[in-house]
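Residue numbers begin at 1 in each chain, while the letters A, B, ... track the order of the sequences.
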Amino acid sequence: MYNVDTLTVCRPLRIPGVSRMTITLRENDQARVDQVVRRWCSPEVISVKNLDTDHSYWREVAIVKLEIDASRVGDPFMVAITEILGTKVTITILQVAGSTRRIDAFLDEVGQEHIVEIARTGVTAMEK
Amino acid sequence: MNGKHLLLKALKERKVRFLFGYTGGAIMPVFDEMEKLGNFEFVMARHEQGAAFMAQGLSRASLSTATPQIGVCLTTSGPGAMNLVTGVADAHMDSVPMLAITGQVATGVIATDAFQESDVVGVMMPISKQTYMPLAAEDVEKTVHEACYVATTGRGGPVIIDLPKDIQNQQVAEDYRFDVKKFRPHLPGYFYTPTPEREPIRQAIELINKSERPLIFCGHGVINSNAGALLRRFIEKTNIPVTSTFHGLSAIPADHPLHLGMMGMHGTVEANRAIMEADLLIALGMRFDDRVTGKLDEYARNAAVIHVEIDASEIDKNVRTTVAINADVYRTLHVLMDDPMLTSIPRRRWWDKLNTFREVMKEDLHEEIEVGVGNDNKLLMKGIIHRLSEVTKGKDLIIPDVGQHQMMCARFYNYQTNNSWFGSGGAGTMGALLADGNWCKACPSGKRAGLVDQWRWRLPDELSGTGNHHGKAD
Ligand SMILES: Cc1ncc(C[n+]2csc(CCOP(=O)(O)OP(=O)(O)O)c2C)c(N)n1
């Protein structure tokens, strides 16, 4: 059994009916990953590529609603990695984009207690 | 020209003669067209599940003939299509090529819970090889040809065409042209590689030559690629013992001196002990099902594994391979046989050991079969099957239903003819027999014996209901 961790879908080419998906699994055993990838090959699928973190770019976007002091939103770390989408009284909505690690680091830095809501795309990736 | 006409035209071009099914509102236009054309033999089942198994029976039995046929069933939408589910799932588990054509409600009302609407594509996707829903009459012909191609190439399987009622009646554009001779399916991601690569063959031969205790697994792929006779030459050349999976039985004669019988939970002592002692398993066209392996972490711990399999997704699924050969069994055996590096070794010590395994149950079984009745004074199934085997000289087509008698047929019938045995294996569907069995007569492989125990004699008859019209199993 395996479990899909994240899944993103887009229409990368101007060919009707063709989608590109980036799917991530949590699995330490590379042979199992390879086997699952082979199982995805079906008449419906054009091609499946196995991307590893060293040889591909992995990116995602998160939109985060925070209940936080305005002063903290202005601190250099926050300014460096986020973009403010909107503010209302004590609520700030931010966008943070980049690697999964960067988004996780941002969320850790902010602290769970300040996060009201998160929308996160999951990973999209491309070979280097 | 309209969708329904093109559907039947394409089936004719695919040499389809029989259609198995049951009518209903959403498939009515196709039935009317079929009546008009008058060039199909339609077989009405009493239940769509029976139609699915009849289609399977035709595919399975004709597989090893010079003219393999694809079994096609035809049903209405909603309840008709849903009644096919068990038969489709069964074909998927056993890699049986089959085409199921289901009527669907008109495109204008799809996804509105219209009368007799079910999401057939959604239901069938995980239990079939491929599903289609043509949304224009121009797509119908091409879809039928592509569907038959997908169902019958590589590892076989069931394919579904869910055809909305308005598309059945829709006229094609005036400039519509389709040339079947020029048609090539455009499936860039669908490929299978019949011919083995050089490097794994070299590695396999090295392992085989070096092995002291090798064992061959004869799987369904041996039957499907018609490699039985070749496998026999291969084992006779290399002196390697062979054991069969449920679906591999009858590829080589069951009483061949190098054959150890069926493996796994219901298998022979000698086959299972051989697996435990082997230093090399050569698995031909099989999938290491749990009834074959039991506990995976204790399975064949001493053995390297060569896995020959046309479906790449089976490789490393249950058992880790040492050498993977993603190819057709027949071609692989051919390449191996022709390789001058393959050596013939007597392997006497291995055979001495295997012969002691053979002795373990031999006398007890022999006595039971001779006596033929158990402690409760009732006839023993193994005795009956053994007698049947003697009477038929092991030559007839044997199709069991599901249960104890099925395993007895697997163990105690002395198969002598290629593809002379099949039944519902992976799914184990009770009731598969009669529908399956009746339709084997469409293939010229001689006499048939359908075996069913007491429980469900009624059920298959209800499913197929064609026994009286088309002759029961002989
Ligand atoms: C459709 C379906 N329902 C239930 C089962 C579970 N099942 C497997 S074998 C069996 C009993 C079979 O009895 P019988 O037909 O008398 O054959 P026997 O095992 O005695 O040879 C049952 C109920 C099944 N395999 N398929």
### Query
Is the number of heavy atoms from other residues, nucleotides or ligands within 6.0 Å of CZ (A/R38) greater than 12?
yes
Other residues, nucleotides, ligands: >12 heavy atoms within 6.0 Å of B/K182 NZ:
no
With chain A, the option among B/V150, B/D311, B/I315 that has the most non-hydrogen atom pairs under 4.5 Å is B/I315
Heavy-atom closest pair (B/R320 atom, A/D29 atom, distance to 0.1 Å) is NH2-OD2, 3.1 Å
Show every donor-acceptor pair shorter than 3.5 Å between a side-chain atom in residues 41-49 of chain A and any protein atom, with sequence neighbours excluded, or say none if there are none.
| residue | atom | partner | partner atom | Å |
| --- | --- | --- | --- | --- |
| A/S42 | OG | A/E44 | N | 3.2 |
| A/E44 | OE1 | B/Q130 | NE2 | 3.0 |
| A/K49 | NZ | A/E127 | OE1 | 3.3 |

Residues of residues 86-98 of chain B with a heavy atom under 4.5 Å from any heavy atom of chain A, in residue-number order, are none
Is the count of non-hydrogen atoms from other residues, nucleotides or ligands lying under 6.0 Å from B/Y176 atom OH greater than 12? yes
Please check if atom OH in A/Y2 has more than 12 non-hydrogen atoms from other residues, nucleotides or ligands closer than 6.0 Å. yes
Original post:
Does atom CG of A/N28 have more than 12 heavy-atom neighbours, drawn from other residues, nucleotides or ligands, at distances under 6.0 Å?
Top reply: no
More than 12 foreign heavy atoms under 6.0 Å from CD of A/Q30: is that the case here? yes
CD of B/E314 to CD of A/Q35, rounded to nearest 0.5 Å, is 7.5 Å
